[in-house]
2 protein chains.
Amino acid sequence: MAALKYSRQRESIKHYLMTTKEHPTADMVYMHVKQDFPNISLGTVYRNLNLLTDIGEAVKISTPDGGYRFDGRLEPHNHFLCTKCGRLLDLELDMKSIEEVNRLAAENFDGIITSSSTLFYGECSDCIKKS
Amino acid sequence: MAALKYSRQRESIKHYLMTTKEHPTADMVYMHVKQDFPNISLGTVYRNLNLLTDIGEAVKISTPDGGYRFDGRLEPHNHFLCTKCGRLLDLELDMKSIEEVNRLAAENFDGIITSSSTLFYGECSDCIKKS
DNA sequence: TTAATTACAGTAATCGTTATCATTATTATA
DNA sequence: TATAATAATGATAACGATTACTGTAATTAA
């Protein structure tokens with residue numbers, strides 16, 4: 001079972017994820033944590049991001065461009081991807097709405113739906129202002 | 001603008017996508033088309049899958065495991081990923097429901113939502129039977 | 001304080017995908 | 001038709017993101 005051992009690097013990664021709203025990629029996490037640990041290895045970042053995801057202290061989001069983004073927000077919520085600037089933002093959708101969607105989907109489906117994740121697309125407010 | 005030229009390989013790929021319900025990966029497409037074109041190159045498969053996606057004759061779906069699946073069904077629809085067997089299935093959700101979800105999401109969001117894509121998780125009917 | 005074990009940094013390996021390039025197939029035109 | 005132009009191919013090299021490996025350092029338990 002391999003008991004978990006404290007590490008300052010992991011704490012730093014976790015703290016960054018919990019305080020940022022950037023939904024960073026592994027490389028963005030690496031760049032950031034490098035400020036405190038100049039010779040941290042990219043492998044350490046990956047190892048810990050996956051570890052945190054496994055123990056439920058981070059969420060791994062796969063984006064349409066292939067790669068992953070990481071999120072320290074653990075409550076179920078959805079995301080919005082701006083098709084202009086590419087930013088990934090949080091999008092609130094109350095539990096009732098989420099459950100309603102799952103219920104609608106279950107109507108025409110021959111299995112059990114336990115959860116769902118929606119990615120919304122469009123133009124974010126910043127991009128609208130600029131145009 | 002590079003005019004498109006016919007190719008038997010591309011037709012074969014397109015035909016397979018339109019007739020299968022498997023939501024194949026690039027490699028699965030490669031394996032299949034290889035039966036008709038034994039020395040087709042994997043690069044050709046990728047090139048054509050991306051081309052078909054670009055001209056709107058195929059859809060590229062990114063899955064939580066990182067990779068992509070391809071779909072010949074062009075009407076907007078959603079997908080279900082079985083957490084037991086890993087199969088990716090179609091899931092019908094009428095346009096009204098999809099629009100309703102987008103409307104609900106827009107309520108708490110400061111931008112324009114043009115579309116959305118939901119991936120549902122749970123257990124498919126086959127896996128339920130087996131347990 | 002020592003022994004056991006996990007995490008680390010650094011680096012090599014892996015995997016899916018793209019890019020390159022010389023050759024072949026398709027299309028337009030003479 | 002025959003020819004010329006150009007897009008597509010197969011083969012292979014290159015790429016970027018992620019994972020695996022290894023010897024050393026840090027953390028924890030005895």
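From a predicted model like this one, the values you see are computed outputs, not experimental measurements. Values below: all heavy atoms of this structure, side chains included; hydrogens, waters and symmetry mates excluded. Letters A, B, ... are given to chains in the order of the sequence lines, protein chains preceding strands, and every chain is numbered from 1.
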Each nucleotide of nucleotides 12-21 of chain C classed B (base within 4.0 Å of a protein heavy atom), S (only sugar-phosphate) or -, in 5' to 3' order, makes ----SBB---
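- The closest side-chain heavy-atom distance from A:F70 to A:I13 is not below 4.5 Å.
- Each salt bridge (charged side-chain N to carboxylate O under 4.0 Å, His left out) pair with one or both residues in residues 84-95 of chain A, not counting sequence neighbours, appears once here: A:R73-A:D90, A:R73-A:E92, A:K84-A:E123, A:R87-A:D126.
- With salt bridges taken as basic N to acidic carboxylate O contacts below 4.0 Å, none links B:E11 and B:R8.
- Rounded to 10°, the angle separating the first-five-pair axis and the last-five-pair axis of the helix from C:dT1-D:dA30 to C:dA30-D:dT1 equals 30°.
- The distance from atom CG of B:L49 to atom P of D:dA8 is 15 Å, rounded to the nearest whole Å.
- The side-chain heavy atoms of B:H77 and B:D71, taken from C-beta on, include a pair separated by under 4.5 Å.
- Following rounding to the nearest Å, A:E11 (CD) and C:dC8 (P) show an atom-to-atom distance of 11 Å.
- The pair B:E107-B:R103 meets the salt-bridge criterion, with a side-chain N (NZ, NE, NH1 or NH2) lying under 4.0 Å from an Asp/Glu carboxylate O.
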Can you give one letter per nucleotide of nucleotides 22-30 of chain C, going 5' to 3': B for a protein heavy atom under 4.0 Å from the base, S for sugar-phosphate only, - for none? ----BS---
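- A heavy-atom distance below 4.5 Å is not found between the side chains of B:N48 and B:V29.
- Within residues 79-89 of chain A, no residue approaches DNA chain C, by heavy-atom distance under 4.0 Å.
- Across every non-hydrogen atom of A:R69 and A:E22, the tightest pair is NH1-O, 4.0 Å.
- Ring planes of B:H32 and B:Y16: parallel class, angle under 30° (limits at 30 and 60°).
- Counting to the nearest Å, the P atom of D:dA25 and the CZ atom of A:F37 are 17 Å from each other.
- Dashed line: the shortest gap from a side-chain N or O of A:Q9 to OP1 or OP2 of C:dA9 is under 4.0 Å.
- Counting to the nearest Å, the C1' atom of D:dA11 and the CG atom of B:N39 are 10 Å from each other.
- For the pair B:S125 (side chain) and A:D110 (backbone), a donor-acceptor distance under 3.5 Å is present.
- If you check the side chains of B:K60 and B:N50, you find a donor sitting under 3.5 Å from an acceptor.
- Side chains of A:T63 and A:D65: a donor-acceptor N/O pair is present below 3.5 angstrom, by distance only.
- Here A:I112 sits in one hydrophobic cluster together with B:I128; the rule is ILVMFWY side chains under 4.5 Å apart, joined directly or through other members.
- Remark: A:N48 is in phosphate contact with C:dC8, judged by side-chain N or O atoms under 4.0 Å from OP1 or OP2.
- Residues A:I98 and A:N78 meet the side-chain proximity criterion, which asks for heavy atoms closer than 4.5 Å.
- Atoms CD1 (A:I40) and C1' (D:dT24) sit 16 Å apart, rounded to a whole Å.
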